[in-house]
Structure formats: structure tokens, C-alpha cells
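Below, chain A is the first sequence line, B the second, and so on; all start at residue 1. Heavy atoms only: backbone and side chains are in, while hydrogens, waters and symmetry mates are out.
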Amino acid sequence: MILPRDFYSGSAVETAPRLIGYRLVRVLDGTRLAGIITETEAYQCEEDQACHARSGRTPRTEPMYGEPGCAYVYFTYGMHWLLNAVTDAPGTPAAVLIRAIFPVEGTQRMAELRPMLSGQPGWLNGPAKLTQALGIDGNLNQADLCSEQSGLFLEEGISVPPGALRTVARVGINSVPEPWRSKLWRWQLDPNSLRKVLG
DNA sequence: CGGCCGATTATCT
DNA sequence: GATAATCGGCCGG
């Protein structure tokens, strides 16, 4: 079953940890590519100085102001695409960055799309690594994650054991002022639990 | 316009 | 640890 829209209707901080353990599915040329989400980050509100919406509503940030359950895919560093799930009510900018997955379906195809270190432990533990492996780019910006038609959606995954989640500060935002820089808005399955649950 | 810098990654030392 | 790669968004002039 595809995760319904109301799963995304809360804030980004509320939704980000809940997404850990779910299965991110990409249908590419009729083939299912999928991974278990193991790390997420929350970005919400124009006040959050790490959030793109700090500049207000612009063509780029428009997806964050839209329907929850849609994709916000943006281009950065001149070469990378990053995938977010939009959350919260329309008009309230919020999104959850998908930072890492553990491959479970279509691994061979994913390795073709991203050959570097493919198969090595943690080879999809980066927001730009997983988009490359799943064939995600700007064409999927604003795609509906609640519809199978989009070719990008979430499904049930694994059950996350109690205490398996770690909360840490967001990364890549070193010039962001306090208190935003130190918000513990990044969630990850700790390595032990990851190994125990996923091998 | 010009300049800075980025929700990153690979490849050096 | 440091840095190149590489380009669009945003801000100041």
C-alpha cells in the first residue's frame, strides 16, 4: 500500500522520524527500484534559516508551499539532485530531505546507475547518491508521492525497534545562524540497529 | 549584472 | 582535513 497523503500532513519535524523504515520505491522503465529509508532531515518554516523557504515563496521554493505528499526535487552544487517529501498544510513551507536508503529491490540496476562503490556497505548513504541510483532528477519535482502513476512513492518497510533512532544536528549548513544550526532535526537508524534489522 | 555560496561528493594530502 | 567540480538562486549595486 502506498502511503496516503495524510501521512505527510503534519510538520516536517514530526514527519521526518516517522519516514525512517519506510520503503522508497522508484519505477523506472517498468522496473522497481527500492530502498529502506535510513536517514532524514526536517526543514520547515520561513524562520528556519537553513530552509530554502527562508527567502520566501519563489519559483524554486513553490513546491514546499504546496500539497503535502508531493516531491520537492532541487539542483545544487552544479551537479546534484536532492529529494524531499513536502509536508504540512498548503501555504506552510516544509519538507523532509531523504538522506540515505538501504537498497532492497533492483539493486543491480541501481548499481548501473551509480557504479561508484556499488555493493559496498553504505553505498547509498547520501542524498545525492540515492537520487542518482534511483534515476531521480528535476523531472520529478512536484511529483505526487501518493500516486503510483508518478513512478515515485513510499510503501510499508521494516518496523523500527524502539531506541533505534538517533537524533543529530543537520549537516551542510555551517553558515546558518543559531539556533537553527544546532536544531536536532536529523534522524538516522543507528548503525547497530541497521545491521541487526537489515543485515 | 557580479559575486557569493550552496540541504554534496570524490579525490586528493 | 582540504579542495575541485560546476551552475542556479539570491542579493546588493
By nearest-nucleotide position on DNA chain B, the 5'-leaning member of A/N174 and A/N125 is A/N174

- Query: Considering heavy-atom distances to DNA chain B, does A/M116 or A/S175 have its closest nucleotide positioned more toward the 5' end?
  - Reply: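 Its nearest nucleotide being more 5', the pick is A/S175.
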
For A/A50, which contact category applies under a 4.0 Å heavy-atom criterion: base, sugar-phosphate, or nothing?
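Result for A/A50 = base.
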
Mind checking if A/L97 touches a base, just sugar-phosphate, or nothing, with heavy atoms under 4.0 Å?
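Contact class for A/L97: base.
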
Let me know the distance between [atom1] of [X] and [atom2] of [N], rounded to the nearest Å.
| X | N | atom1 | atom2 | result |
| --- | --- | --- | --- | --- |
| A/W81 | B/dA7 | CH2 | C1' | 15 Å |
| A/E39 | B/dA7 | CD | P | 16 Å |
| A/R181 | B/dA7 | CZ | P | 15 Å |
| A/H80 | C/dA5 | NE2 | C1' | 8 Å |
| A/Y72 | B/dA7 | OH | P | 9 Å |
| A/M64 | B/dA7 | CE | P | 11 Å |
| A/N84 | B/dT8 | CG | C1' | 14 Å |

Which side-chain N or O atoms in residues 65-80 of chain A pair as donor and acceptor under 3.5 Å with protein atoms at least two apart or in another chain?
unit_1: A/Y65; atom_1: OH; unit_2: A/E46; atom_2: OE2; d: 2.6
unit_1: A/Y65; atom_1: OH; unit_2: A/R57; atom_2: N; d: 3.3
unit_1: A/Y72; atom_1: OH; unit_2: A/H52; atom_2: ND1; d: 2.7

Exercise. Could you please spell out the steps behind the side chain to side chain donor-acceptor pair (under 3.5 Å) verdict for A/N192 and A/D190?
Key: CA-CA 6 Å; A/N192 271 346; A/D190 78 45; 5.1 Å; no

Extract from the structure each pairing of a protein N or O with an N or O of nucleotides 6-13 of chain C at less than 3.5 Å, listing the distance.
unit_1: C/dT6; atom_1: O2; unit_2: A/Y77; atom_2: O; d: 2.3
unit_1: C/dC10; atom_1: OP1; unit_2: A/T58; atom_2: OG1; d: 3.1

Problem set entry | Salt bridge present between A/R181 and A/D48 (N-O < 4.0 angstrom) |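 No salt bridge links A/R181 with A/D48.
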
Does A/R32 come within less than 4.0 Å of A/E105, counting only side-chain N to carboxylate O?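 So A/R32 pairs with A/E105 through a salt bridge.
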
Practice prompt. Answer with yes or no whether the hydrophobic clustering places A/W123 together with A/W81; edges join I, L, V, M, F, W, Y residues whose side-chain heavy atoms lie under 4.5 Å apart.
Written response: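 The answer is yes; both residues are in one hydrophobic cluster.
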
Would A/V96 end up clustered with A/F153 when hydrophobic side chains under 4.5 Å apart are linked, directly or stepwise? no

Please check if the side chain of A/R170 supplies one atom and the backbone of A/A42 the other of a donor-acceptor pair under 3.5 Å.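 Flag set: sc A/R170 to bb A/A42 pair under 3.5 Å.
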
Writing each nucleotide of DNA chain B 5' to 3' as (, ), [, ], | or . by Watson-Crick or G-U pairing under 3.5 Å yields ||||||.|||||.

Side chains of A/L24 and A/L83, heavy atoms from C-beta outward: is any pair under 4.5 Å?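 With C-beta onward as the side chain, the pair touches.
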
Paired with A/E39, the salt bridge (charged side-chain N to carboxylate O under 4.0 Å, His left out) test is passed by just one of A/R99, A/R166, A/K129, namely A/R99

